[in-house]
Amino acid sequence: MSEQEKPRVLSGIQPSGSMHLGNYLGAIRNWVDDQDKYNNYFMIADYHSLNTIRNGTEMRRNRKELVAMLLACGIDPERSVLFYQSELPEHTELAWIFTSLSPLGWLERMTQYKDKMSRLTETASISTGLLTYPALQAADILLYQADLVPVGADQRQHIEFTRDLAARFNNIFGETFVLPKAEIRKEVANVPSLTNPAKKMSKSNPDGNGRIDLLDQPNVIKKKFKRATTDSFRDVVFSDDPERAGLLNILSIYKAMTGKDEATIEAEFVGKGYGDLKVAVGEATVAHLEPIQAEYKRIMADKGYIKEVMDDGADRARRIARKTLRKVRRKIGME
Ligand code: ADP
Ligand code: TRP
């Protein structure tokens, strides 16, 4: 199949802090594994992060470190277009058009927005961008006429919003956008926090013990797993009992890190306890992350390489983004 005939994929990740195991298993690993299957566009969603990062030095550092990490995880700039969202004004331009077409009710219904609102008590400090965030995300996706959006389960609602908005635009102005679909891998679509399995593992959670950062040192990784919340049962089995969500989380990570199936894992721990499992998952994770960490260091030391990759990515992304935006401007009567 030629590049042009392959389904087109777009996904994004915010440069809002170190990448963690939730990002890796929920999204990035799928991006990496499926690079040959699709025509891929991967984006650093830096404008989305402006809602939370208001420090130029920090933003600049985070952006670069995130690119190095994506490359270290196996994103191949030959097979995938990697770019910074903010380098293409087409994204913010289309986001404004979409903001104008987004019913307020749709935006207010987003759980991520409601969740963030409920945690922020000072209304004065809540930025409007938290509300209009999905309109920018819809622009990210629709500019590339993406068929598929590989993400973790937390993003499902934003992709549905994008589909609804695309359909609304097509309805009002005539056929313009492909309706994208979320691609969510079931088993690791939601990696919960190690210390509070009711919450997702997240960059924005201040409790760092609940999160394995991809750059954590081996002893830190092992310690975090040792402290992970489990339950008062004893047997090491895959169970969907909500009380055992902590155990299921550790087992699912172990499964993802080793590639073993569930029966093999349960057999491995017959007569053993949670302590043994925690040691095993710590070691498996350290072993899996070791080559990624080494590659990350190498890329960070390679002066000029990241800029070269990102300049090339922006050029390739721009070709598609411009074409779509021109079509949109014509439809809405701006040209
Ligand atoms: P975060 O929520 O940590 O700030 P992002 O919002 O930048 O991370 O998410 C980047 C990608 O990682 C998205 O596809 C998102 O669905 C996925 N993701 C984030 N956290 C998790 C998690 N705990 N489990 C599974 N996938 C996740
Ligand atoms: N909102 C996504 C997140 O928080 C990041 C993102 C921005 C994204 N634009 C995107 C994801 C486009 C998929 C497609 O995880």
Side-chain angles (χ1 to χ4, degrees), residues 8-32 40-53 62-63 65-66 69-70 73 75 83-86 88 91-92 94-95 98 110-113 115-116 129-130 132-163 165-166 180-208 210-214 245 249 252-253 256 317 321:
R8 199 176 285 166
V9 152
L10 178 127
S11 198
I13 176 167
Q14 297 191 57
S16 52
S18 308
M19 232 165 87
H20 54 77
L21 217 50
N23 300 134
Y24 179 69
L25 296 177
I28 311 309
R29 210 174 54 158
N30 306 335
W31 301 3
V32 169
N40 316 286
Y41 291 81
F42 298 126
M43 183 196 76
I44 309 293
D46 46 6
Y47 266 143
H48 276 111
S49 287
L50 200 54
N51 280 309
T52 46
I53 301 178
N62 282 4
R63 287 184 355 143
E65 288 177 353
L66 182 55
M69 185 47 89
L70 291 175
C73 287
I75 297 294
F83 64 101
Y84 294 116
Q85 176 188 43
S86 67
L88 278 81
H91 286 250
T92 35
L94 187 59
F98 283 165
M110 295 291 120
T111 44
Q112 184 175 303
Y113 167 69
D115 203 49
K116 293 207 165 137
L130 270 184
T132 57
Y133 183 107
L136 177 56
Q137 184 163 351
D140 299 335
I141 297 167
L142 299 180
L143 268 179
Y144 299 90
Q145 305 283 13
D147 301 290
L148 294 170
V149 189
V151 282
D154 60 309
Q155 292 300 312
R156 183 189 296 282
Q157 205 186 19
H158 288 160
I159 313 308
E160 275 163 17
F161 171 92
T162 302
R163 257 181 100 78
L165 199 64
K181 273 209 218 64
E183 193 181 54
I184 299 171
R185 294 270 177 90
K186 228 175 46 220
E187 281 161 6
V188 279
N190 175 30
V191 181
S193 155
L194 293 179
T195 48
N196 179 1
K199 289 237 153 11
K200 70 164 198 162
M201 192 180 278
S202 165
K203 289 182 225 138
S204 52
N205 190 333
D207 180 11
R211 177 177 65 228
I212 304 283
D213 286 331
L214 299 192
N249 186 22
S252 305
I253 294 174

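Just follow the structure's listing: the first ligand is 1, and inside any ligand the first atom is 1. Just so it is clear, the model here is predicted, and its values are computed rather than measured.
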Exercise. Have H158 and Q137 got a donor and an acceptor in their side chains that come within less than 3.5 Å?
Worked result: yes

Exercise. How close does the nearest protein non-hydrogen atom get to atom 4 (O) of ligand 1, and which residue and atom is it?
Worked result: K203 NZ, 3.6 Å

Seminar exercise, completed: To atom 15 (C) of ligand 1, the nearest of V191, D154, V151 on a heavy-atom basis is D154

For this session: For A27, counting its heavy atoms only, list the atoms of ligand 1 lying under 4.0 Å from any of them.
Result: 11 (C), 12 (O), 14 (O)

Exercise. In terms of residue, atom name and distance, what is the protein heavy atom nearest to atom 9 (O) of ligand 1?
Worked result: N23 ND2, 3.6 Å

Exercise. Is any side-chain heavy atom of I253 less than 4.5 Å from a side-chain heavy atom of L194?
Worked result: yes

Exercise. Against heavy atoms of M201, which atoms of ligand 1 measure under 4.0 Å?
Worked result: 20 (N), 21 (C), 22 (C), 23 (N)

For this session: May I ask you to identify, for V188, whether its side chain, its backbone, both or neither come under 4.0 Å of ligand 1 on a heavy-atom basis?
Result: backbone

For this session: Look at atom 27 (C) of ligand 1 and find which of G22, S202, A182, S16 reaches it with the closest heavy atom.
Result: G22

For this session: Identify, with sequence neighbours excluded, every residue that meets side-chain hydrogen bond (donor to acceptor under 3.5 Å, both in side chains) alongside R163.
Result: none

For this session: Indicate, as side chain, backbone, both or neither, the part of A189 found under 4.0 angstrom from ligand 1 when only non-hydrogen atoms are considered.
Result: backbone

Close N/O pairs between ligand 2 and protein, under 3.5 Å:
residue  : atom   : partner : partner atom : Å
ligand 2 : 1 (N)  : Y133    : OH           : 2.7
ligand 2 : 1 (N)  : Q137    : OE1          : 2.8
ligand 2 : 1 (N)  : Q155    : OE1          : 3.3
ligand 2 : 4 (O)  : Q14     : NE2          : 3.2
ligand 2 : 4 (O)  : Y133    : OH           : 2.8
ligand 2 : 4 (O)  : Q155    : NE2          : 3.3
ligand 2 : 9 (N)  : D140    : OD2          : 2.7
ligand 2 : 15 (O) : Q155    : NE2          : 3.2

